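Since the structure comes first, as structure tokens, the remarks are kept for the end.
Chain identifiers are assigned alphabetically (A, B, ...) following the order of the sequence lines, protein sequences preceding nucleic acid strands; residue numbering begins at 1 within each chain. Being a predicted model, the structure only gives us computed values, none of them experimental.
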Amino acid sequence: MSAVESFTVPTGVGEFPPELICRPLGFVALTGLDVIYNAVHKAIWESFSANRRPDRVPLSFKILDGDHEYPKCRSKRSSYEWYIPKGITKTGWMNKHLNLIPAVVVVFFDLDWDETQWKEKQMECASRVEVVRHSLQGRGTKVAVVLIQKNSPLPPGEDMVAAERAAALCSACDLSAKSLFVLPHSDHLFGYTIRLENAFYELAQGYYHMEARKVKAHKEFLNKTTHQLLFVRHAFKIAFFNELKQDTNTALKQYKVAYAYVSELRAHDTNMLEIKSISGFINYKICKLSFHHNAPLDAISQFRKHVDFYKNKTGCSELAFEHSAWMCKQFQIFGDLFDEAIRAGLNAIQTQHPGFYYQQAAYHAVNRKHLCRGLCHSATVMPDPNPLEDADKLEYYGQRPWRQGHQSIDPPDPAKEKDGIQALQYKELQVDHSWIIIPLLSSAVAQFKKYKSARMKRYLMVQMGEEYYHAKDYNKALTLLDRVTWDYRVERWCALLTSILNMSLRCAYLVASVRHYVTISLELIGRFAHISSEEKTHVQMNLIRVISNNPPEPVTGCPSEYVELAKQLWKDKLSPENSNIFTVEMQNIVPFVECKARFSTSKCTADTPLQLQVYLRASCQFPIRFSKLCVLLNNHAYNDYCTLVDGHTVGGDGEASYSSCHGDLYLTPGQIKMYAFEFVAEPVDVGKKIEITSIALSLGNEDNCCAILRWVGAGGDSASLTNVQEQVQMKRGPPKPNEYDWSNITLDPSISIIPRCSNLDIQLDHNPPSLMNEFYYAKVIITNNEDLEIQNLCMQIGLKEGQENTLEQSTQVFLDEATIGIPGPSRIKNVELTGNRILGVRTMYDIQVNVTQNKLSMPVICTCYQEKSVSVQTVLPYDLSIKMASLKFDVVEHVHSDEPFLLLTDIKCTSPWPITIENSQLLLSDEVKSVDETLQSQLISVSLKQNECASECYCLVAPVHHQHTTVPIGHYSVQWKRTNCEEEGLPTVETTLALPSITVETIPLFIETKIPSHGRVRDSLHVTYTIYNKTQMVQEVEAGMEPSEAFMFSGHKQVCFRILPVSQQVLMYNFYPLVPGHVKLPRLHINMPRYPGVADDLGGRMLPTHIFIKPQGKELHESASG
Amino acid sequence: DKCVTRLEQLGYRVGQSLVERFTKDSPRFKDELDIMKFVCKDFWTTVYKKQVDNLRTNHQGVYVLQDNRFRLLIQIAAGKQYMEYAPKYLAFPCGLIRGALSNLGMNCIVTAEVTQMPACKFQIIIQKS
Amino acid sequence: MSRQSNRTTDSRKVSQELFTLTYGALVSQLIKDYEGDDDVNKQLDKMGYNIGVRMVEDFLARSSVGRCHDFRETADVIAKQAFKMYLGITPSITNWSPAGDEFSLIVENNPLTDFVELPEKHGNLCYSNVLCGVLRGALEMVQMEVKVWFAQDTLRGDNITEIRLKFIKRLEDALPAGEE
Amino acid sequence: MAVCVSVIAKENYPLYIKTIPTENELKFHYTVHTCLDVVEEKVSSVSKSVNDLRELYLGLLYPTEDYKVYGYVTNTKVKFVIVVETSNTLLRDNEIRSMFRKLHNAYTDMLCNPFYTPGETIKSRSFDKLVLQMMVSEVQS
């Protein structure tokens, strides 16, 4: 670095030099470090320079040679008596203090306390310091020495040597002890660095403080008349030094002072630029610091004051554009400051944010452009010699290169002045302002977007678009404008929309974009466009031209030089070889032709033709003819039926001529035309919805240029989307026939197709309820009431879906004769489950019907459905009860082995229908025998009505068996059917039922009693008891007859005997009845020592207890059962 | 019925204008209910010289206004005999309410029912757009 | 009740507004329904007539005016009482024809026409024509056949509103009310 | 001494815009349109915040370099926007308020004209007259 190396003054007016923008940091020069060859030094340098995060002290360090030449210090003048300042602020000054004149110079020197050649070293160090001091003669720059030491120091006070040598060194370099530092380059280097730089920072602050003081000191020498400039300069300097010192409050105060002084300066054309530049700088500083102090309102009000004060201080009128440039810059830079502040955590609001300032900046830029247009056109050449030669080495900010340092009111050399102005104008001409404007606008857009001001954002985008247009970037303009039109349309700001469209139309023309051109025209002709009907006519004519492949006339207001190009473009575009077919989405614009479509009904049967009407209305200037209209449906098969090609037949009653798809698409303004289409749904669509997916209206012919105007769904336009009632002229009087009221036409985009209703009749002939387990017979009778033959009829019969699945499982359906067409009977077998079953019969068949579509009838095959369902109750046919009884017919729970017993079955008919029992069967298990050898049913072909009963009785015996066991008897099965159902020839139903088990007891002995059925008083009756031994061993038996008052008897009163195994013993008695009636017999007691107790009660059970005794006298033959 | 719709339309138009006049000096409305209250109190009083007797709502955009002595029905003999004329008399008020509300930004359907002259119920169903 | 307080419109004024607005709505509806303004005028007149024939009873009952002896008296009653009672205004009576069978009512601030601005295209619409009908109908009920029409109307740019009445003849026995 | 007076429908489309004769009226259209952003914001924020006097007058919407834009919303959500020159310091809040008041009254009367269909562009002569007077009369006030 060298003193001469000054930076370049920005040439642009109102530009802010970097040294102004940057944050001023105290400047500290580090000398004596060899960062290239000495690793240690390098490390030290890096510890200073590398990653200076905000938490480090605000200093900027530079490496300089020990013998670096610092800028010479001019001898301070003792008095300002004769001094006339040549300008306000030197261009070099800020930079000088930021980068050239250090606040502190640090001399690094490798020296340890235990250095052997201490003396020499000390000398060397001193001389180095001397060098530095010398080159800084007259400046207050602080000098500090840092000794780089290998070994880390002992705690202070202990190292005597160190203390004493340090003192020596200080005196040698006449350095205050405070300015001597030790840097042991140990592993804690960074820590030491931090400490060091803090020390340096203090020194630096001290330095800047002094500098500020110095400047202040000049103050009293100044006088108001000649030194106004100096007042500003000094205040500015003080402020700047304070900034360097990081005392922002004082800085701010001083800048304000400076600002006040500038505003007081007498301004005239010659120094206006200088004043504005400086005030601009100061204002910048004030705003920046205000934001920094978190006082945004101060910043804003300061800025307002600033611009209000200067906005009319145009200065030299030939250079008015400079003023706009300056204003532009002011706003932009403030915008930036504001934005910065926000990023630093400030919150802005919808009505106060950077966007507004960028916007204003942009406006001033635009203004500048206009002024340039007005002022600079004559300045076509750069005068020679170029007065702006040394524009980049000005001595003072904001001065004219050709008369630097000149402060008098009028320019010294008018001729030069003229050249200068011309030169500036010439330079201005070279500027492409659009590229200043557009970025400003776009940053404004970003801001407004952020602060939810959609409309403002859009407006700015429009302006961007216009700017692109001026910048001749028509495509960009077009796309940009295209993006915003929608919102203006939806909010119905027609005037704005129109202006945008006009602009777009020009762009479209200039880039010969057929699609855009047509689209825009469609809308410009439409009812939203606020342009005269002549213009509309003109637009429409051009539209027609384009559509019929001729280039349109140039749009008025296009830059003529580009029109020629455009013409060529159009020629190529519309040349026969390349065809332009494109689609225009009509719902995105408010076109001059509107469309509504509807199905005549919401649903219709498969055998009737669907009717679909399309209504068109044009609001253009003169009649227009379209080439084709097609309605596209979700099933493309129909599209052909819904296509109408204009047959170029003149006239037309609005009704499209049917049959032939040729019609008349000639629309006259204001008149609504209706086009009807008709077609028949395909079988596949039965049960589905047919929907209008879109409507396409072609303008122009397909083979060269054709716009396909497309409405999604059933039409309607974005105007109606905006839910604002249409403003139509009030129609008067009652509605006339064949004239439609547009607003009353509803959109019905879909129709659902339902099957043709069937004329089949289904009868189900059957007699419920069904009996459990039977084959239930039902007869289905299908009668065809169609007047046409029907084909592939098919029938399903079965349980209706969705009944409890126990029912489903327990039901089977059989078909007897599966010959469809004639009545088919069917049986339902239902098993073990009573309850309701719903039977459904479903038939399906095809039938060919003739449908008149478009006046000619065509056969259509329809599938029809018919169903019938009945609910069938199922009941039990009968209920069966089983009893067991002893031979005495009294019911028993258990029987004795070898002792015969009775099985009684009772069948009670519960069916409402008589049932016939064909047979019944007893299937005995091996444990049980029948007494008589052949078991045969007693119920064969017994027929029972409801509640009638049928019983059977079998005599069974259970052979000897081990003690007390229960044995199954077997099964009982009944074969039955409904009485009189022969003609159906249904099989008989066999229901088998498991019989209960019985308990069989085995007993040691069996007593058989032989006794007459009755006796007579005083007439002896003979009684024999036979006692069988059922055991395998001899049994002792004691028998005794208990006396009784009713009888006298003869025979053993008391007897004891033995019975051999499987043999018997007979005891005979004669009873002599004394009283008549049903008398108690004398009881025979049996006792067996082996089975104490048992035998006796056995006897009790087996022996008859009473007998009927007739009185004496008259004979009677009657039988009485005991 | 054609005449009923006509009357309704007249009412609608008048309602729009009236409400514009009445709300000229009232502070901005807080919400739907606030508007309804306005209709029942001020609007009704100014038009029919009395407040609505009862306002009920399901808080889902259905309101029922009940007026037990509805001004336009007082002239008619009380009771049930002139029931069939009620629609003619109520079409206009319905329109009035609808017009007022729609101008206040609430599109709705208004129907009236009379069970016993001169008491009358107006049901308002707000159309959420 | 905050709103109640800050409502300024007094109910009397309001009911008048209601009346005016309703009439306005009626007229514009008629304009929609009929082809030409003349039909509308006729319609208004007819309506007025029907009102008139009913209203006269009410009027006679409320204002105990006796039989008028001449047309001038009638004029007075109409202006000073009828108009006052029903429209709250008293038009002035002028321009008597020499024969005394014809006079004008100069109506100032006709309540029917508040807010009304007649569009150009309705140049020959007699906005307040209903009044003519009323007068005609009412007078017919008191056995006077008269012709009533708007001679001038501020709505149509004239600087006064003038209703002209012309006495045609005395109707002997009261003929049945209502011509339709 | 307004330079632009406008009436905006509920649905935010212009019912009426009158500006002082100027080379580019459109600019005012944009000004009015863009200020709707602020109107919406203000109105919605009002409805949010409870217990504030829910005034119809919205006050200054925002100042641009050379114009001040004021807003007013009727209970029927019709918006009035008045633009005045920033340079004009005679007009302070009260004047603006009264202007809006007049405007509102005029609008209501206009709406009551049976020949006006609500929602259509305002063509009323008397309304025009009043607005015109607003744009000139106060000049010498």
Side-chain angles (χ1 to χ4, degrees), chain B residues 5-47 59 61 63 91-92 94-110 124 126-129, chain D residues 7-13 15-16 36 39-59 71-80 97-120 122 124 126-127 130:
Chain B
T5 44
R6 278 270 192 292
L7 285 166
E8 206 274 348
Q9 280 162 7
L10 296 194
Y12 180 76
R13 180 65 182 84
V14 175
Q16 284 178 311
S17 307
L18 274 184
V19 81
E20 193 72 52
R21 300 193 79 77
F22 296 175
T23 58
K24 223 161 40 175
D25 314 288
S26 33
R28 215 172 301 122
F29 292 110
K30 272 206 256 32
D31 50 16
E32 211 171 82
L33 193 59
D34 200 16
I35 292 178
M36 272 304 164
K37 288 209 194 101
F38 166 80
V39 171
C40 297
K41 295 208 171 73
D42 306 25
F43 190 79
W44 218 262
T45 338
T46 36
V47 179
H59 299 293
Y63 295 83
F92 187 83
C94 286
L96 215 57
I97 298 171
R98 192 166 68 84
L101 288 177
S102 84
N103 201 5
L104 290 173
M106 293 161 70
N107 295 331
C108 55
I109 301 172
V110 182
I124 301 167
I126 310 297
Q127 310 298 88
K128 287 277 167 282
S129 55
Chain D
V7 181
I8 312 299
K10 282 195 190 49
E11 301 84 355
N12 282 340
Y13 66 90
L15 290 173
Y16 180 92
L36 290 179
V39 171
E40 276 179 355
E41 185 64 15
K42 283 195 180 240
V43 170
S44 63
S45 65
V46 161
S47 60
K48 269 187 235 89
S49 66
V50 206
N51 64 39
D52 59 59
L53 49 138
R54 307 192 297 282
E55 248 204 309
L56 302 183
Y57 175 57
L58 296 179
Y72 183 101
V73 181
T74 73
N75 265 310
T76 55
K77 294 285 165 287
V78 174
K79 293 127 193 136
F80 302 130
R97 273 175 198 280
S98 67
M99 282 168 84
F100 275 122
R101 206 92 202 86
K102 285 204 201 104
L103 199 58
H104 193 174
N105 290 335
Y107 172 76
T108 352
D109 291 352
M110 194 282 306
L111 188 76
C112 291
N113 175 5
F115 295 96
Y116 172 77
T117 339
E120 89 187 357
I122 299 171
S124 157
S126 48
F127 190 78
L130 175 109

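The only member of Leu111(D), Asp109(D), Asn105(D) that meets side chain to side chain contact (heavy atoms under 4.5 Å, CB included) when paired with Arg21(B) is Asp109(D). For the side chain to side chain contact (heavy atoms under 4.5 Å, CB included) criterion with Lys24(B), the lone passing option out of Asn75(D), Thr76(D), Thr74(D), Thr108(D) is Thr108(D).
To the nearest 0.5 Å, atom CD of residue Gln16(B) and atom SG of residue Cys112(D) are 10.5 Å apart. Rounding to the nearest 0.5 Å gives a distance of 7.0 Å between OG of Ser26(B) and CG of Leu56(D). Taking CZ of Arg13(B) as the reference point, atom OH of Tyr116(D) lies at 8.5 Å (rounded to 0.5 Å).
Ranked by heavy-atom pairs shorter than 4.5 Å toward chain D, the options Asn103(B), Leu104(B), Thr23(B) are led by Asn103(B).
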Side chain to side chain contact (heavy atoms under 4.5 Å, CB included) evaluation trace for Asp25(B) with Arg101(D): CA-CA 10 Å; Asp25(B) 314 288; Arg101(D) 206 92 202 86; 2.4 Å; yes
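Residues Ser102(B) and Lys10(D) approach most closely at O-CE, 3.5 Å, considering heavy atoms.
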